[in-house]
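Input: a single structure, listed below in structure tokens.
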Amino acid sequence: MGNQVNTGLAQLSDQLILVTVLLYLGAMIGYALELAFGRPRGQAPARRTREPVAVGAGAAGRAETDTAQETGDAGETGAAVPYAPWAATVGRVAVAVSWLGWAANLAGIVTRGVSAGRWPWGNMYEFTVAICFAAVTTFLVLGLRQRIRFLGAFVMVAAVLGLGFAVRYLYVQAGPVVPALNSYWLALHVGAAIIASGLFFLAGVTGVLYLVRRPGAVRLPDRRTLERVMHRAIVLAFPIWTFAVIAGALWADRAWGRYWGWDPKEVWSFITWLAYAAYLHAYATAGWRGTRSVIIQLVACGCLLFNLVGVNLFFGSLHSYADIPG
Amino acid sequence: MSSSHTPGETGAERPAEAAAVATAHAPEPATRQTAPPRPAGFGPVAWLRWGWRTLTSMRTALILLFLLAVASVPGSIFPQRGVSPEKVAEYFRDSPALAEWLDRLSLFDVFQAPWYAAIYLLLFVSLLGCVLPRTATLVRELRRRPPAAPRNLSRLPRHAAFQGEAEVAELAAELRRKGFRVATGRDWVAGEKGYLREVGNLLFHFALLGILFAVGVGAVYGYRGNVLVVEGEGFANTVAVYDRFQPGRLVTADSLAPFSFTLKDFRATYQTEGERQGQALDYVARLAVTDRPGAPERDYELRVNEPLEVDGTLTYLLNHGYAPVVKVTDGEGQVAFEGPVPCLPVDQRTLTSECVIKVPDARPQQLGFLARFLPSTASAQGGGYVSVFPAAINPTVQIWAFSGDLGLDDGVPQSVYQLDTDGLKPLVMQSDPLQPGQSLTLPDGAGTIAFTGVREWITLQITYDPGRLPALVSAVVATVALVLSLVIRRRRVWIRVSRADGPATIEVGGLARTEGNVSFTEEFDEIVSTLRGRFAVASDTARPDGGRTKE
């Protein structure tokens with residue numbers, strides 16, 4: 001039955017999640033410092049001369065693909081922005097701290113699952129922790145191949161807030177789930193929803209940066225880069241979300257006797273799906289790309305957030321297993 | 001489409017070649033046009049055409065997508081008849097005037113509402129209006145040879161050149177090996193690849209139509225019913241035995257699969273310790289199933305996620321509760337009632353339940369009882385009794401007894417779970433808890449009521465939906481096609497061999513027709529290096545711009 005909860009492991013899991021929050025917080029500060037004091041994008045590294053300011057900045061909004069090009073472009077236009085040479089080091093340390101936090105997060109999820117003897121996303125607390133994990137994982141994995149460290153501060157803010165909210169307001173002790181959740185569909189349906197949500201939130205954070213990006217704020221990458229990161233994340237997430245919805249329908253067919261019944265959660269996942277579909281169509285249409293499609297994307301992200309949190313709080317739903325402490 | 005001089009016509013069918021060369025980073029070329037210009041002073045045909053164009057334009061499709069999303073919202077705010085009819089009834093009781101208006105706007109049946117149907121039907125027409133022409137285009141493209149090489153390959157986004165010696169046929173074979181469709185000319189090879197993107201895209205949209213169709217089939221030919229069964233009792237799949245039955249439009253009594261079963265027993269397991277004490281862990285209902293009349297009986301263990309399937313009809317375990325068995329002897333000494341009485345849980349954590357027993361056959365006067373069932377009885381601190389655990393460890397029943405006319409013969413339908421005590425004479429108010437085997441003698445020689453045992457009941461949902469399989473197939477096709485359409489990109493590669501004196505120059509140009517050409521850059525470089533490896537002449541001095549990227 002697996003109803004014997006291993007209390008020691010469950011406590012370890014709780015502590016690991018707290019450690020995760022602290023590490024993410026540290027990483028967030030590191031990323032923020034780099035963002036605030038680091039070398040602006042498109043500006044060549046300062047030579048070790050007495051006049052570090054004499055190097056020109058690359059034109060804002062220019063696409064930079066590699067450092068060689070950046071160096072070549074340096075000195076074309078504009079005045080150099082002063083920056084601190086230590087900032088890049090802080091950024092690298094932040095990445096290392098993020099990975100540590102990620103490991104603690106993963107360990108926290110695994111120990112929680114082992115202690116209860118089931119998949120570790122059976123209630124709102126576990127679900128939120130897993131989504132934060134998915135978002136951070138995406139960011140870190142993408143960061144292995146692409147220069148997206150600028151996103152770090154924002155992803156970590158979101159992760160810290162999410163985890164903090166989960167620990168403070170959603171926490172319940174590890175334990176078995178109700179019979180309806182006792183199914184392998186939990187792993188498939190909720191797992192896919194978690195991964196897709198993590199990616200969508202990453203895209204959402206990037207979308208906000210896109211909107212606040214002005215030609216002056218040179219420490220952020222240009223809009224084209226932001227748009228590319230955002231679009232990639234959504235293109236990856238949309239089929240996963242589609243699968244999550246369909247897996248949910250399959251599970252509903254096993255558990256509730258219908259594959260689709262317009263339960264509030266189903267309604268909102270459908271709305272979310274429509275909104276992201278609208279984004280994809282807008283992106284593929286001349287004249288809608290850019291700010292308009294980003295706004296659609298953010299609306300969709302809002303729907304997603306509402307579906308994850310709002311529906312469980314405001315509506316009576318068949319999905320109210322969430323087990324939120326009163 | 002005969003009057004061909006409508007303004008705005010020219011942009012519609014751009015030749016693919018021109019599009020391919022001219023638009024290095026335009027999105028999907030000419031998939032859907034943005035809003036067409038309005039016709040000025042044309043006849044009805046032009047207006048019709050303009051209307052059709054507007055409907056099938058991407059802007060309209062986007063607006064319809066948004067409308068559909070917005071229109072779905074009230075379906076989550078207001079209770080829906082299909083989901084929770086009891087909450088709709090409650091709404092009508094609490095605020096009748098508002099409820100009537102909401103009902104007039106179909107806000108209790110949003111997903112069956114005419115205005116909702118209008119939006120999604122328009123969306124699907126718009127979708128067809130876009131997808132059908134694109135299918136025709138794709139078929140044409142698949143039958144046509146890849147377009148000839150443009151004159152100046154160096155103007156393409158990807159370009160490389162090297163000195164080498166190769167026949168056109170060899171180059172074509174090389175591209176073909178890499179999965180390109182190939183066409184050749186006197187001194188050039190053209191290759192195209194990635195048609196599956198458009199195939200996936202179209203298939204995805206057709207699959208959505210498939211899902212709509214499946215839902216429609218289910219609504220017309222399917223049915224759904226709920227029934228309560230007590231341990232030891234049976235069920236035969238006929239319309240009459242259902243407590244609630246929702247048939248599709250074309251469902252007849254004959255179309256119900258003729259299976260039957262007996263509920264042998266039901267067992268629930270609960271968490272016995274810790275913070276979650278009393279939480280249910282598992283439910284098992286053991287059934288003896290007869291698939292069709294005359295078929296041998298088989299055993300089946302029905303669980304929450306494991307419905308019983310008989311010829312496409314599925315039986316689901318929905319809920320459970322207790323049914324104390326009582327025996328009522330009336331004032332004349334006759335047994336007026338004997339059997340299990342299903343009680344409704346009023347507290348899920350302890351399964352404290354309440355039930356109503358109506359005994360219209362009792363003489364000299366009809367008897368009515370309210371009963372409170374406590375599965376695990378314990379004394380409460382402030383006096384009285386409570387249930388402390390959902391399992392039937394120490395089951396007891398407390399009785400309220402009434403006598404008088406129950407009003408069952410008035411012709412007004414009554415709920416079996418409610419007793420209207422107005423006008424009845426109270427005999428006993430909250431007796432001490434009776435344990436199984438104990439009985440209570442009513443005052444005034446009205447009779448006795450005995451609590452003889454405990455059984456459990458389950459509620460079942462029986463569903464037949466012929467649209468399930470088509471819906472599943474469509475959903476799987478949609479997902480796979482979606483992945484194809486998002487992952488694959490259409491790309492073209494041209495090779496030209498130009499011979500002056502000395503060794504020939506082999507020029508390669510490439511173009512991906514969709515955004516984000518990062519992976520195409522890699523593929524293109526790979527193609528160039530393969531070609532270079534096979535055909536480059538030893539004295540080749542690689543040009544510095546090999547594989548350069550033009551943004």
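Residue numbers start from 1 in every chain, and the chains themselves are labelled A, B, ... in the order their sequence lines are given, proteins ahead of strands.
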Open item on the list: Quick check on A/W185 against chain B: is it the side chain, the backbone, both or neither that has a heavy atom closer than 4.5 Å?
Closed with: neither
Open item on the list: For A/H281 and B/H205, take the angle between the two ring planes, folded into 0 to 90°, and tell me which bin it lands in: parallel under 30, tilted 30 to 60, perpendicular over 60.
Closed with: perpendicular
Task: Spacing of B/S72 atom OG and A/W262 atom CH2 [to the nearest 0.5 Å] - done: 5.5 Å
Open item on the list: Under 4.5 Å from any heavy atom of chain A, what part of B/F78 do you find: side chain, backbone, both or neither?
Closed with: neither
Open item on the list: Please classify the contact of A/A282 with chain B as side chain, backbone, both or neither, using a heavy-atom distance under 4.5 Å.
Closed with: both
Task: Nearest atoms (heavy-atom pairs only) where B/S76 meets A/V267 - done: CB-CG1, 4.1 Å
Open item on the list: At a 4.5 Å cut-off on heavy atoms, which part of A/W268 comes close to chain B: side chain, backbone, both, or neither?
Closed with: side chain
Task: A/D253 with B/R468: basic N within carboxylate O range, under 4.0 Å - done: yes
Task: Pairwise distance CD1(B/I211) to CH2(A/W260) - rounded to 0.5 angstrom - done: 9.5 Å
- [ ] Compare every heavy atom of A/P239 with every heavy atom of B/L486, then report the nearest pair and how far apart it is.
- [x] CD1-CG, 3.7 Å
Task: Contacting region of A/L250 [heavy-atom separation from chain B under 4.5 Å] - done: side chain
Open item on the list: Between B/V215 and chain A, with a heavy-atom cut-off of 4.5 Å, which part of the residue counts as in contact: side chain, backbone, both or neither?
Closed with: both
TODO: Using heavy atoms and a sub-4.5 Å threshold, report which of residues 470-479 of chain B line up against chain A, by residue number.
DONE: B/A471, B/L472, B/A475, B/T479
Open item on the list: Treating B/Q461 as the side-chain partner and A/W256 as the backbone partner, does any N or O pair qualify as donor plus acceptor under 3.5 Å?
Closed with: yes
Open item on the list: Between B/V73, B/L318, B/V483, who has the most heavy-atom pairs with chain A when the cutoff is under 4.5 Å?
Closed with: B/V73
- [ ] With a 4.5 angstrom heavy-atom cut-off, could you sort out which part of B/V70 is near chain A: side chain, backbone, both or neither?
- [x] neither
- [ ] Carefully, step by step, assess A/L274 and B/F66 under the rule side-chain contact (heavy atoms from CB on, under 4.5 Å).
- [x] CA-CA 7 Å; A/L274 282 178; B/F66 264 119; over 6 Å; no
TODO: Count the heavy atoms of every other residue, nucleotide or ligand shown that sit under 6.0 Å from OH of B/Y464, and state whether that count exceeds 12.
DONE: no
- [ ] Could you tell me which non-hydrogen atom of A/R254 sits nearest to which non-hydrogen atom of B/N305, and how far apart they are?
- [x] NE-O, 3.6 Å
